[in-house]
> 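This is the structure I want to talk about, given as C-alpha cells.
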Number of protein chains: 2
Amino acid sequence: MEDGMTPEGGAKPSRIQLRNRKRILDAALDVFSMHGFRGATLDQIAEASGLSKPNILYYFAGKEEIHVTLLNGLMDTWLDPMREIDPGGEPLEEILRYVHRKLEMSRAFPRESRLFANEILQGAPMIGAGLVSDLKPLVDETAALIESWAAAGRLKPVDGRHLIFSIWSTTQHYADFDAQLQALMDGRDVHGEASVFLDALYRRTLAV
Amino acid sequence: MEDGMTPEGGAKPSRIQLRNRKRILDAALDVFSMHGFRGATLDQIAEASGLSKPNILYYFAGKEEIHVTLLNGLMDTWLDPMREIDPGGEPLEEILRYVHRKLEMSRAFPRESRLFANEILQGAPMIGAGLVSDLKPLVDETAALIESWAAAGRLKPVDGRHLIFSIWSTTQHYADFDAQLQALMDGRDVHGEASVFLDALYRRTLAV
DNA sequence: CCACTTTTTTACCAAATGGTAAAACCACGA
DNA sequence: TCGTGGTTTTACCATTTGGTAAAAAAGTGG
C-alpha cells in the first residue's frame with residue numbers, strides 16, 4: 001500500500017527501473033572504485049551512466065544509498081570462493097583452488113576489489129556491521145577447518161586466520177595496487193607470473 | 001634573491017616556520033590517511049593543526065602541495081628497509097629481516113602506510129613519476145639480487161619481483177585493512193601472531 | 001483518444017570547499 | 001622604542017556539490 005511515486009517501495013520494479021538502476025550501479029562502480037566515496041561526485045556518476053543527476057536521485061535516495069547498495073550487492077559474490085572450500089576435499093588442493101579463484105577475481109573484477117579496498121581503508125564506515133555479521137562467521141569457520149586439517153597432519157601447522165589474510169592481501173594486491181605494478185612491470189604478464197608464484201608460495205608453506 | 005614574503009623560497013626557514021610546517025604536515029598526515037586526498041578538507045587540517053586555514057595557505061601553496069610534500073618526504077623512509085638488504089649477508093636472514101622490518105613499520109606507522117595505499121589506489125596521480133624513478137631501480141636491483149641468491153642455490157627458486165610484492169602486501173595489509181582485522185580478530189595480539197606467521201611463510205618458501 | 005501514472009528535465013538552492021586580499025599583529029635588531 | 005618584515009586574522013569569493021521542487025514528457029490501460 002501507499003508508495004505510488006518513487007521506485008523505492010517494495011513491489012515489482014518496472015523494466016525501465018531495472019535497466020536504469022543497473023546503469024547507475026555500473027557507472028557508480030566505475031566512479032567509486034576510482035575516486036573513493038568522498039572523491040566521487042553525483043555528476044560523474046550521472047555523466048558515466050548517461051542519466052541526469054536528478055534522474056539518478058529519482059532511483060536512489062542519495063549518494064550514500066548508491067554506495068551501500070553496491071557494497072551489499074557485491075559482498076556475497078566476493079565471499080563465494082571462500083564458501084566453496086570443500087571440507088571433504090583434499091586440503092592442499094582446496095586451498096590452492098581458493099588462491100587461484102581469488103587471483104582470478106582480482107584480474108576479472110578489479111573495480112570491485114578497489115571498491116572494497118577503499119571502503120576498508122576509510123575504516124569501513126558503511127559496512128562495518130556487515131563485516132562482523134557476514135564475514136566473521138565465515139572466517140572463523142574456515143580458519144577452524146584449516147587448522148583441523150593441520151592438526152590431522154594433512155597440512156603443515158599454520159595459523160588459519162593469518163593464512164586467510166595473506167591470501168586476501170597477496171591476491172587483491174594485484175588489483176588494488178595496479179598503478180604501482182604498471183610502473184614496475186614493463187609489459188610483463190603480471191597475472192600469469194603471479195599465478196605461478198602464489199602456487200609455489202602456498203604449496204611450499206602448506207604441503208606436508 | 002627575491003623572496004621576501006612567503007616562506008616558499010630557498011634560504012633559512014625560521015623556527016616558527018619549521019614548527020608550523022611540521023604541525024601542518026602531521027595534521028595533514030592524520031587527515032589524508034583517514035579520508036584520502038579528495039576526502040580530506042583544508043578545514044579539517046586547519047582544525048587538527050590548530051592553525052587557521054589562511055595561515056596554512058601561508059605555508060603551503062595549496063592542498064595538493066601539502067599532499068605531495070608528505071608523499072615525497074615519506075618515500076625515502078618507506079624504502080629504507082629494502083635498501084638495507086645486505087647483498088653480502090645470509091640470504092634467508094636478510095629477507096626475513098626485511099619482512100620483520102616492514103611488518104614493524106606497518107605497526108608503528110599505519111598512517112604513512114594508508115597514505116601510500118590511498119595514493120596508489122587512486123592511480124598514483126601525484127607520485128606516478130616517483131614510482132618509476134625511485135622505486136623501480138631499487139626493485140629491479142633487489143629482485144635481481146634475490147634471484148642471484150636463488151641461482152646460487154642459497155634460496156629456493158623464486159620470482160624476485162613477486163616475492164617483493166607479496167612481502168609488501170602481506171605486511172602492509174595489517175595497517176591498511178586494520179578496520180577489517182578489528183572486526184575479525186576480537187582482542188587478539190594481531191601483530192605478534194602476524195610476525196610468527198610471516199616468518200614461517202617465508203622461511204618455508206625460501207629455505208633450501 | 002483520454003485520464004492517470006511513471007519517468008525525465010529544467011531551474012534552482014544551501015552548504016561546503018579551496019582559495020585570496022588586505023588589514024592587523026607581532027618579533028626583534030638597530 | 002621604533003621600524004621593518006615575517007606571521008596571523010578577518011572578511012570575503014567563486015565553484016563545486018548533494019539535493020529539491022515542480023513542470024514537462026513519456027508511457028500505459030481503458
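Lettering of chains follows the sequences in order, A, B, ..., and the numbering in each one begins at 1.
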> Distance criterion of 3.5 Å, no angle test: do you see the side chain of K53(A) paired donor-to-acceptor with the base of dG18(D)?
yes
> Rounded off to whole Å, could you give me the CZ-to-P distance for the F32(A) and dG18(D) pair?
9 Å
> When the distance from CG of N55(A) to P of dT20(D) is rounded to whole Å, what number comes out?
15 Å
> Of the nucleotides dT8(D), dT9(C), dT17(C), which has the atom closest to the D43(B) side chain?
dT17(C)
> Reckon S52(B) has a side-chain N or O less than 4.0 Å from the OP1 or OP2 of dT8(D)?
no
> Within the pair Y58(A) and dT8(C), is there a side-chain N or O less than 4.0 Å away from OP1 or OP2?
no
> Quick one: Q17(B) CD to dG5(D) P, roughly how many Å, whole number?
16 Å
> Without decimals, in angstroms, what is the distance between H35(B) NE2 and dA16(C) P?
15 Å
> Do other residues, nucleotides or ligands put more than 12 heavy atoms under 6.0 Å from R101(B) CZ?
yes
> Whole angstroms only, please: what is the CD-P distance between Q44(A) and dT15(D)?
19 Å
> Determine the interplanar angle of the W168(A) and F165(A) rings, folded into 0 to 90°, and report it as parallel if under 30°, tilted if 30 to 60°, perpendicular if over 60°.
tilted
> Could you please name the option among dT10(D), dT17(C), dT8(C) that lies closest to any side-chain atom of Y59(A)?
dT8(C)
> If you check every side-chain atom of L57(A), which of dG19(C), dG19(D), dT9(D) has the closest atom?
dG19(D)
> For K63(B) and dT16(D), give me the distance from atom NZ to atom P, rounded to whole Å.
14 Å
> Out of the candidates D30(A), D176(A), D178(A), only one should pair with R111(A) under the salt bridge (Lys or Arg N to Asp or Glu O under 4.0 Å) rule; please name it.
D30(A)
> Closest approach to the side chain of L42(B), judged atom by atom: which nucleotide of dT20(D), dG18(C), dT8(C) is it?
dG18(C)
> Applying side chain to side chain contact (heavy atoms under 4.5 Å, CB included) between I95(B) and each of L145(B), I85(B), L155(B), report the one that passes.
L155(B)
> Looking for any heavy atom pair under 4.0 Å, which part of the strands does A46(A) touch: base, sugar-phosphate only, or nothing?
nothing
> Atom CZ of F60(B) to atom P of dT8(D): distance rounded to whole Å?
13 Å
> Is the F32(B) ring parallel, tilted or perpendicular to the H67(B) ring (thresholds 30°, 60°)?
perpendicular
> Once you round it to whole Å, what is the distance between P of dA27(C) and CZ of R19(B)?
10 Å
> Within the 4.0 Å heavy-atom criterion, would you say T41(A) contacts the bases, only the backbone, or no part of the nucleic acid?
sugar-phosphate
> Does a side-chain N or O from N20(A) land closer than 4.0 Å to OP1 or OP2 of dT8(C), or not?
yes
